[in-house]
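Remember, it's 1-based here, ligands and their atoms both numbered in the order they're listed. Bear in mind that the values here come from a model prediction, so they are computed numbers and not experimental data.
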Amino acid sequence: MTIQNKTLGEFIIYNQDDFKYSSGELSRLINSIRLAGKVVNHEVNKAGLVDILGAVGGANVHGEDQQKLDVYANEAFIKTLTNREIVCGIASEEEEDFIIIKGNKKNNDNKYVVLIDPLDGSSNIDVNVSVGTIFSVYRRITPSGTEVTLEDFLQPGNKQVAAGYIVYGTSTMLVYSTGNGVNGFTLNPAIGTYYLSHPNIKIPEKGNIYSINEGNYIHFPQGVKDYIKYCQKEEEDRPYTSRYIGSLVPDFHRNMIKGGIYIYPNTSKNPNGKLRLLYECNPMAFIAEQAGGKASNGFMPILDLKPTELHQRVPFFCGSKLMVDKAEEFMK
Ligand code: AHG
Ligand code: MN
Ligand code: MN
């Protein structure tokens, strides 16, 4: 990585004028997520080490029982966004209800709400496999200065103002979009700075990777079973290769760079699939579309769905446009 690359901070300042009526609020919000992401990154990186230190002294480095990383990440994001009084509300996969932020100001006149999956793929932590964070930003629809309500959070994904993810992988990357394409930044851990490493990411129109938990095959709808057989057929550029980590963020990130399709369908056990519309599917769909890809529930665009509840689940087909088109054909 060369020193000429823009840092994330420089990039945010440089692009601030893109938001015509911006007061810098969204920029400050992205900055807060950048900071919280670094805090979580630090904790994730020493996940194995904390155990070792804890065994020696009987407690971990914080002098308390090691918190599950989901809880830690959830608190890190909520605290950062709350302390900086940068949003008027937060909804998290880890919280039953949304959080109203009043701040010290008499009336919180911030206009944005954030929805977050603080730690995605957390079952992979114990085995040192990549995990991530996913976030989604909307402009509130209720009047400024009042307390946010559920309807501020239940907006269709096509109303997102920004969305992004952090992948805690072999390197840590923050990838986000404010509706003008997608850019990726890689963390230099030595100095704690993100550098623009992947400007203007575009998903290849077509790839040769399909990502799905095939262990559930027997429970899949017929369309998905048929699509899998199509992927495995010997013809032209097929069979495709199968890659599935079990952490949505790095699975999605890989497909975005290399071209591929990620599927978490409805199953006979989970009629709405597993992934959450508001914390996982909408932000990933926004990024996919901003990068020229596509996201669907098998029948219609994810971003056009009107959410009815905070923790709603939805079947998810996402990635290279032509591959999602093909999967939809099989679902008919
Ligand atoms: P989370 O850790 O936030 O609960 O999300 C886990 C999700 C997602 O990251 C992943 O793609 C999927 O669960 C894997 O599910 P299966 O183990 O059923 O394949
Ligand atoms: Mn998740
Ligand atoms: Mn999670």
Side-chain angles (χ1 to χ4, degrees), residues 33 36-37 39-41 43-44 47 67-78 90-96 98-99 114-136 157 163-169 173 175 209-221 224-225 228 242-256 260-288 295-298 302 307 310-319 324:
I33 290 172
V39 172
V40 173
N41 177 62
E43 200 68 14
V44 166
Q67 283 184 305
K68 266 197 95 189
L69 275 160
D70 304 274
V71 178
Y72 183 91
N74 187 46
E75 283 179 4
F77 279 97
I78 290 175
I90 305 172
S92 164
E93 190 192 68
E94 297 292 331
E95 304 280 335
E96 187 73 30
F98 62 88
I99 298 168
V114 169
L115 294 91
I116 191 154
D117 178 355
L119 200 70
D120 171 71
S122 52
S123 68
N124 275 322
I125 286 268
D126 295 343
V127 289
N128 209 352
V129 169
S130 300
V131 293
T133 293
I134 309 171
F135 64 91
S136 167
Y165 60 82
I166 303 169
V167 49
Y168 311 101
M173 275 188 75
V175 175
I209 296 173
Y210 71 104
S211 311
I212 185 167
N213 186 343
E214 251 174 288
N216 297 326
Y217 186 88
I218 195 80
H219 303 295
F220 288 159
V224 172
K225 287 180 175 167
I228 290 175
S242 163
R243 290 282 182 275
Y244 189 77
I245 298 168
S247 290
L248 172 63
V249 174
D251 270 319
F252 175 89
H253 182 70
R254 178 203 52 242
N255 291 359
M256 185 151 83
I261 184 169
Y262 178 96
I263 304 178
Y264 208 110
N266 49 311
T267 64
S268 45
K269 279 184 174 164
N270 299 309
N272 297 316
K274 176 183 184 189
L275 300 181
R276 315 276 186 165
L277 175 59
L278 298 185
Y279 315 110
E280 294 169 318
C281 303
N282 269 338
M284 289 317 209
F286 183 79
I287 295 164
S296 155
N297 66 354
I302 289 287
L310 272 184
H311 298 286
Q312 185 173 345
R313 298 173 196 269
V314 72
F316 194 49
F317 299 68
C318 184
V324 177

Got a second to check how far [X]'s [atom1] is from [Y]'s [atom2], nearest 0.5 Å?
{"X": "Q312", "Y": "L277", "atom1": "CD", "atom2": "CG", "answer": "5.0 Å"}
{"X": "Y262", "Y": "N213", "atom1": "OH", "atom2": "CG", "answer": "8.5 Å"}
{"X": "N255", "Y": "M284", "atom1": "CG", "atom2": "CE", "answer": "10.5 Å"}
{"X": "Y264", "Y": "L275", "atom1": "OH", "atom2": "CG", "answer": "7.0 Å"}
{"X": "I166", "Y": "F77", "atom1": "CD1", "atom2": "CZ", "answer": "4.0 Å"}

**Report entry** Verdict with reasoning, E95 to L310, per side chain to side chain contact (heavy atoms under 4.5 Å, CB included)
**Finding:** CA-CA 10 Å; E95 304 280 335; L310 272 184; over 6 Å; no

Query - Worked check of side chain to side chain donor-acceptor pair (under 3.5 Å) between S247 and N124 - result: CA-CA 7 Å; S247 290; N124 275 322; 2.7 Å; yes

What is the closest protein heavy atom to [atom], and at what distance does it sit?
{"atom": "atom 14 (C) of ligand 1", "result": "Y244 OH, 3.3 Å"}
{"atom": "atom 11 (O) of ligand 1", "result": "Y262 OH, 2.7 Å"}
{"atom": "atom 18 (O) of ligand 1", "result": "Y264 OH, 2.6 Å"}
{"atom": "atom 4 (O) of ligand 1", "result": "E93 OE1, 4.0 Å"}
{"atom": "atom 15 (O) of ligand 1", "result": "K274 NZ, 2.9 Å"}
{"atom": "atom 2 (O) of ligand 1", "result": "G121 N, 2.7 Å"}
{"atom": "atom 10 (C) of ligand 1", "result": "G246 O, 3.3 Å"}

Could you list which atoms of ligand 1 come closer than 4.0 Å to a heavy atom of [X]?
{"X": "E280", "answer": "3 (O), 5 (O)"}
{"X": "S247", "answer": "9 (O), 11 (O)"}
{"X": "D117", "answer": "3 (O)"}
{"X": "L119", "answer": "2 (O), 3 (O)"}

Query - Option set D120, N124, V131, criterion heavy-atom distance to atom 6 (C) of ligand 1, minimum - result: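 That would be D120.
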
**Report entry** Contact check, D70 vs ligand 1, heavy-atom distance below 4.0 Å
**Finding:**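 No.
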
Query raised in the report: R276: heavy atom below 4.0 Å from ligand 1, yes or no?
Result: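 The answer is no, since R276 has no heavy atom less than 4.0 Å from ligand 1.
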
Query - side chain to side chain donor-acceptor pair (under 3.5 Å) assessment of T267 paired with N216 - result: CA-CA 8 Å; T267 64; N216 297 326; over 6 Å; no

**Report entry** Side chain, backbone, both or neither: the part of D251 lying under 4.0 Å from ligand 1 by heavy atom
**Finding:**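 Under 4.0 Å from ligand 1, D251 contributes no heavy atoms.
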
Query raised in the report: With a 4.0 Å heavy-atom cut-off (strictly under), which part of S122 contacts ligand 1: side chain, backbone, both or neither?
Result: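 It is both backbone and side chain that touch ligand 1.
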
Report task. Check whether any side-chain N or O of S130 sits under 3.5 Å from a backbone N or O of P250 as a donor-acceptor pair, and report yes or no. Result ->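 Absent.
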
Query raised in the report: Any donor-acceptor pair under 3.5 Å linking the side chain of R313 with the backbone of G273?
Result: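 No: the side chain of R313 does not pair with the backbone of G273.
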
Requested in this report: In sequence, state the C-alpha distance, the side-chain angles, and the governing distance for Y165 and F252, and then conclude on ring-ring contact (aromatic ring centres under 6.0 Å, His included).
Outcome: CA-CA 10 Å; Y165 60 82; F252 175 89; 5.7 Å; yes

Requested in this report: Applying side chain to side chain contact (heavy atoms under 4.5 Å, CB included) between E93 and each of D117, D120, N74, L115, report the one that passes.
Outcome: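 The side chain to side chain contact (heavy atoms under 4.5 Å, CB included) with E93 is passed solely by D117 among D117, D120, N74, L115.
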
Student check: side-chain heavy atoms of [X] and [Y] closer than 4.5 Å:
{"X": "N297", "Y": "F316", "value": "no"}
{"X": "V39", "Y": "N41", "value": "no"}
{"X": "I78", "Y": "I99", "value": "yes"}

**Report entry** Listed protein N/O/S atoms, distance to the Mn ion (ligand 2) under 2.8 Å
**Finding:**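 Atoms qualifying: D117 OD2, D120 OD1, E280 OE2.
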
Query - ligand 1 N/O within reach of L248 N/O, cut-off under 3.5 Å - result: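 Looking only at distances, the answer is yes, because the N/O contact criterion of under 3.5 Å is met.
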
Query raised in the report: Do N213 and ligand 1 have an N or O pair less than 3.5 Å apart?
Result: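 Yes; the residue has a nitrogen or oxygen that sits under 3.5 Å from a nitrogen or oxygen of the ligand.
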
